[in-house]
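Before any comments, here is the structure.
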2 protein chains.
Amino acid sequence: MLDNQSMSSTSRLDREFERLPLRERKKLKTRRAIQDHALRLFAEQGYDATTVEQIADAAEISPSTFFRYFPTKEDCVLSDEYDPVMAEVFRAQPPEMGVIDALRVMYRELLAGMYIGDRDRILTRSRLVLSVPALRARTFDLMRQESATAFSELAAERAGVPIDDPRVRVLTWATTAAIEAAVTTWAESDGALDLPKLVDEALAFIAAGCPL
Amino acid sequence: MLDNQSMSSTSRLDREFERLPLRERKKLKTRRAIQDHALRLFAEQGYDATTVEQIADAAEISPSTFFRYFPTKEDCVLSDEYDPVMAEVFRAQPPEMGVIDALRVMYRELLAGMYIGDRDRILTRSRLVLSVPALRARTFDLMRQESATAFSELAAERAGVPIDDPRVRVLTWATTAAIEAAVTTWAESDGALDLPKLVDEALAFIAAGCPL
DNA sequence: TAACTTTTGAGAGTTAATCTCATTTAACAT
DNA sequence: ATGTTAAATGAGATTAACTCTCAAAAGTTA
C-alpha cells in the first residue's frame with residue numbers, strides 16, 4: 001500500500017489520467033510541460049535569469065497562458081504536495097497515541113515509500129527552493145498555512161481539545177518547522193544523510209522537549 | 001502628524017542621534033519618514049493598493065531614492081528587530097540552565113519592557129504583516145534566517161554541541177515557530193490576550209515535549 | 001572659498017502580473 | 001454527423017516593481 005502509493009503512483013495516476021476528458025488531459029499535460037521546462041531552465045540558467053517568456057516559449061504556449069496556469073512565476077515550482085493519504089494514515093493510528101507519535105508513525109510509513117521513488121526529484125527541488133530566497137519564503141509559508149488548516153484539525157481532533165487552543169498552533173507550527181529543519185539538513189548534505197531518519201529524530205527530539 | 005521619533009525613541013537613542021554628522025542624521029530621518037508614511041498609507045489604502053510612487057510622494061523623495069533605502073517595497077515594513085541586548089540577556093543566564101529555559105527567561109525579561117512601551121505599534125504591525133501573504137512569508141523567513149545564525153550560535157555554545165548538530169536547527173526553528181505562533185494568536189485576539197504569557201506558555205509547552 | 005565625496009532625482013529600460021477581446025478547440029445534445 | 005455551447009488560448013495593451021546611468025545638489029574637509 002505504501003510502496004504502492006509512491007512507486008506505482010505513476011501508473012495509478014496514469015490510469016486516472018486516461019479516464020479524464022480530452023480537455024482535462026490537455027490541461028494536465030500543459031501544466032506538467034510548464035513545470036518541467038521551468039525547472040529545467042531554472043537549473044540551467046538560474047531562477048532570476050529565467051523569464052516567464054522563456055518558459056512559455058519552451059513549453060510552446062503564450063506568456064498569458066502561463067499565468068492562467070500559475071498565478072505567479074514562483075507558483076510553478078511550488079507543487080501543492082499535500083496528500084490526503086497523509087490524513088488517512090494519521091487518523092489510522094490508535095486514538096490513545098499522542099499527536100507527535102502519530103505524526104512520527106505517519107512520516108515513517110509515507111517517507112519510506114517516497115524516499116525510494118522520488119528521492120532525486122525531491123532533492124533537486126529542495127536545493128532549488130532553498131537557494132532562492134523568494135521560493136524558500138513562499139514554500140515555508142505554504143507549509144505553515146497548510147499545517148494551520150489541515151493538520152491543526154487532525155491534531156485537535158486527536159487531542160480532544162478545541163481547534164483554537166493556542167497549544168494546537170504551537171504544536172503544528174513547531175513540528176512543521178522541525179520537519180523543514182530535517183529536510184534542510186538533508187538537502188545541505190546533498191542527500192548523503194538519511195532523510196527518514198533525520199525526520200524521525202527531529203520529531204523524537206521535539207517529543208522529548210528539545211533537551212539541549 | 002507624523003513626527004518621527006516622538007514618543008517611542010528613548011533619550012539614549014536621541015543622544016546617539018544628535019552626535020551623528022548631518023549627513024547621517026538626514027539619512028536616518030529619511031528612512032524613518034519612508035517607513036512612517038508607508039505604514040500609514042498601507043493602513044489607509046491597503047498594501048497592494050499603495051504604490052512606491054505614492055510612498056515616495058508622501059515622504060517627499062523620488063521613487064529611485066526609495067529603492068536606495070529599501071531594496072523592495074516589502075522591506076520598508078520589515079524592520080530588522082534583532083537586538084544585541086537579547087544575546088546579552090541570554091548569555092547572562094547560569095550555564096547549567098538549558099537552552100529553552102534560558103530563552104524563556106530572556107523573553108520574560110525583555111518582552112515585559114517592550115510590552116509597555118511598544119505594545120500598540122507591535123500590534124498594528126503584526127496585523128499588517130499577518131494580513132498580507134507576501135509580508136507574512138518574508139517576515140517569517142527573516143526570523144528563521146536570523147535564528148539560523150545568531151541564535152543557533154548561542155544555543156550551540158550553551159549546549160556544548162557543534163553548530164552543525166542537526167538538533168540545533170530543529171531547536172531554533174521550532175522555538176522560533178512557537179514564538180511566532182504565540183504572536184499570531186495574540187494578534188488574532190486583537191491584543192486582548194497577554195503576549196508575554198502566551199510566549200512563556202508556548203516555550204513551556206515546547207520544553208514539555210508538546211504533550212497533546 | 002575650493003576641492004572632494006556622498007546623496008539625490010530624472011529618465012529610460014526590463015520584467016512580472018493583470019485585463020480585454022477575438023479566435024480556436026473541445027464537449028455534448030440533437 | 002453537426003451545430004450549439006462552453007472553455008482554452010493568444011495577442012496586445014497596461015500597470016507597477018525594480019535596475020541602471022548620469023548629472024545636479026548637498027555635505028564635508030582643507
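Quick caveat, the model's predicted, so the values are computed rather than measured. Naming: A, B, ... by sequence-line order, numbering from 1 per chain.
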Could you list the residues that satisfy side chain to side chain donor-acceptor pair (under 3.5 Å) with [X], not counting sequence neighbours?
| X | value |
| --- | --- |
| B:Arg158 | none |
| A:Ser189 | none |
| A:Asp141 | B:Arg136 |
| B:Asp190 | B:Arg127 |

Worksheet item: the helix from C:dT1-D:dA30 to C:dT30-D:dA1: angle between its terminal axes, five pairs each, to 10°?
Response: 20°
Worksheet entry | Pairing residues for A:Phe90 by the ring pair (Phe, Tyr, Trp, His ring centres under 6.0 Å) criterion, not counting sequence neighbours | A:Phe151
Worksheet item: Excluding sequence neighbours, so at least two apart, what forms ring pair (Phe, Tyr, Trp, His ring centres under 6.0 Å) with A:Phe42?
Response: A:Tyr47
Worksheet item: Using a heavy-atom cut-off of 4.0 Å to chain B, what are the terminal contacting nucleotides of DNA chain C, in 5' to 3' order?
Response: C:dT5 to C:dA10
Worksheet item: Reading nucleotides 22-30 of chain D from the 5' end, what letters show protein touch, with B for base, S for backbone sugar-phosphate only, - for no heavy atom under 4.0 Å?
Response: -----BS--
Item to complete: Using a cut-off of strictly less than 4.0 Å between a heavy atom of the residue and any atom of DNA chain D, enumerate the qualifying residues of residues 50-61 of chain B by number.
Response: B:Thr50, B:Thr51, B:Val52
Worksheet item: Base, sugar-phosphate, or nothing: which does B:Pro71 touch, judged by heavy atoms less than 4.0 Å apart?
Response: sugar-phosphate
Worksheet item: Base, sugar-phosphate alone, or nothing: which one does A:Phe70 contact when heavy atoms must sit under 4.0 Å apart?
Response: nothing
Worksheet item: Any salt bridge (charged side-chain N to carboxylate O under 4.0 Å, His left out) pairs touching residues 45-73 of chain A, not counting sequence neighbours?
Response: none
Item to complete: Sort and list the pairs that fulfil salt bridge (charged side-chain N to carboxylate O under 4.0 Å, His left out) and have at least one residue in residues 170-188 of chain A, not counting sequence neighbours.
Response: A:Glu180-B:Arg144, A:Glu188-B:Arg169
